Amino acid sequence: MNSSTTVRTARRRTLRVAAAALTAAAALALTACSGSDAAAAKPASHSDTAKAAVESSRAGSSAGLPGSDAQASAGAKAGAQVDAKADAKADATGKRSGSAHAANGRGAASPVRTQRLADGISKAEIYRLGDQHYRAKIVARGAVLATMETKGHDDGLDANDMFVTLTLDGQVHSWMGGGHQGPGTFKLAGGWTAKVTKVGELRYRAQIIGHDGVAATLETNQHDVGLDANGVSIVLSSGGVISAHE
């Protein structure tokens, strides 16, 4: 083999080696690009997101920006303001409620007057609750025996043959005896006539009749009732006993 043939063979080997090297480099480049694209397309995991948020918060705090520490401080401040407002509102509500209870207590604590009753032992403590609204406690030897109250109408009581009425203007009248057991028709003081009928258990009705016919009607419903009929006090008990006093 001459020298020229040797040179040509060496050149062909060199070219083949170079081509192989270029092919390998291209393959490596394609693999690297594919890996980069896959990494870029892969969504961030929760841990990566959380880590990024922490790093961002730290960076913001260190740079004097409103990071997590500033947000926490602002949240705490806002919470404190809300709590303070709620406490102030609750305190104001409590004061108003307390004042209302105190006012009611003062109104009910002291009677407007105390009045001795017909039996000589009992007394009536009269309380004013409102316009034409009165309460009377019948008290004997320190014990409350009964309570009467006007609610848009007079009230009455038969207390062991002592009859008591409480009127809409807070007047108390009492007398002993003079009762009539219904049913029946009875003449009463002041020229009145009472027609008493039984309408149920512990329920009686009394028509109060004057010169012009029926002037008023009393009816018990397991509770005594009373009436002031032109200055004549009338009581009808739940047991059907009626009595009047002028």
Side-chain angles (χ1 to χ4, degrees), residues 103-210 215-246:
N104 291 337
R106 285 195 299 270
S110 301
V112 293
R113 70 179 187 280
T114 300
Q115 181 177 328
R116 184 70 62 181
L117 299 180
D119 64 355
I121 301 172
S122 307
K123 62 181 180 180
E125 296 178 351
I126 300 105
Y127 301 82
R128 187 178 188 276
L129 306 181
D131 187 26
Q132 293 190 334
H133 191 181
Y134 286 85
R135 178 179 297 145
K137 293 182 180 180
I138 310 304
V139 181
R141 299 182 178 92
V144 178
L145 305 180
T147 300
M148 306 170 64
E149 187 170 335
T150 62
K151 293 181 179 179
H153 54 76
D154 302 333
D155 199 6
L157 174 68
D158 178 359
N160 294 329
D161 207 35
M162 178 180 71
F163 299 92
V164 186
T165 58
L166 174 64
T167 64
L168 285 172
D169 59 356
Q171 299 301 310
V172 172
H173 302 276
S174 65
W175 65 97
M176 298 295 298
H180 304 278
Q181 177 63 60
T185 300
F186 312 100
K187 292 289 186 181
L188 303 179
W192 295 104
T193 298
K195 183 179 181 180
V196 181
T197 56
K198 185 175 183 179
V199 294
E201 185 65 25
L202 296 179
R203 290 191 62 180
Y204 285 83
R205 181 181 296 126
Q207 292 180 316
I208 309 303
I209 304 169
T217 300
L218 292 170
E219 186 168 332
T220 67
N221 187 5
Q222 301 182 5
H223 184 279
D224 301 342
V225 292
L227 174 70
D228 183 325
N230 294 334
V232 177
S233 299
I234 304 173
V235 171
L236 175 65
S237 77
S238 59
V241 175
I242 191 166
S243 181
H245 188 265
E246 196 171 6

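Keep in mind the model is a prediction, meaning the values are calculated, not measured.
Atoms NE2 and CG, on His173 and Asp228 in that order, are 5.5 Å from each other to the nearest 0.5 Å. In this structure, Lys195 NZ and Thr185 OG1 are separated by 6.0 Å, a value rounded to the nearest 0.5 Å. Rounding to the nearest 0.5 Å gives a distance of 13.0 Å between NE2 of His153 and OG1 of Thr167. Interatomic distance, Asp158 CG to Ile242 CD1, rounded to the nearest 0.5 Å: 11.5 Å. Atom NZ of residue Lys123 and atom CZ of residue Arg113 lie 14.0 Å apart, to the nearest 0.5 angstrom. Atom CD1 in Ile138 sits 9.0 Å away from atom CD in Gln115 (nearest 0.5 Å).
Other residues, nucleotides and ligands contribute over 12 non-hydrogen atoms within 6.0 Å of the CG atom of Asp169.
Here the closest non-hydrogen pair linking Lys187 and Thr193 is NZ-OG1, 3.4 Å. Here the closest non-hydrogen pair linking Ser238 and Asp224 is N-OD1, 2.8 Å. Val232 and Gly190 get closest at one heavy-atom pair: CG2-CA, 3.9 Å. When all heavy atoms of Gly240 and Val196 are compared, the pair lying nearest together is O-CG1, 4.1 Å. Shortest non-hydrogen contact noted between Ala140 and Leu145 is CB-CD1, 3.6 Å. Nearest heavy atom pair, residue Arg116 against residue Ser122, reads CD-O, 3.4 Å.
Judged by distance alone, the side chain of Ser243 and the main-chain N or O of Gly178 form a donor-acceptor pair under 3.5 Å. Without hydrogens or angle criteria, Asp154 side chain to Leu168 main chain gives a donor-acceptor distance under 3.5 Å. Looking only at distances, a side-chain donor or acceptor of Asp155 sits under 3.5 Å from a matching main-chain atom of Glu149.
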Using the side-chain contact (heavy atoms from CB on, under 4.5 Å) rule, take Ile121 and Arg141 through it: C-alpha gap first, then chi angles, then the decisive distance, then the call.
CA-CA 8 Å; Ile121 301 172; Arg141 299 182 178 92; 3.9 Å; yes
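Within the 4.5 Å cutoff, no side-chain heavy atoms of Tyr134 are placed close to those of Val172. Looking only at side-chain heavy atoms (C-beta outward), Val164 and Ser174 come within less than 4.5 Å of each other. Taking 4.5 Å as the limit, some side-chain heavy atom of His180 sits within range of a side-chain heavy atom of Leu188. Residues Trp175 and Thr165 meet the side-chain proximity criterion, which asks for heavy atoms closer than 4.5 Å. By the 4.5 Å heavy-atom criterion applied to side chains, Ser237 and Phe163 are not counted as neighbours. Thr147 has its side chain within reach of Arg135: a pair of non-hydrogen atoms, C-beta onward, lies under 4.5 Å apart.
Applying the side-chain hydrogen bond (donor to acceptor under 3.5 Å, both in side chains) test between Arg203 and each of His223, Gln222, Glu219 identifies Glu219 as the sole match. Of the candidates Thr220, Leu227, Val241, Leu236 forms a side chain to side chain contact (heavy atoms under 4.5 Å, CB included) with just one, namely Thr220.
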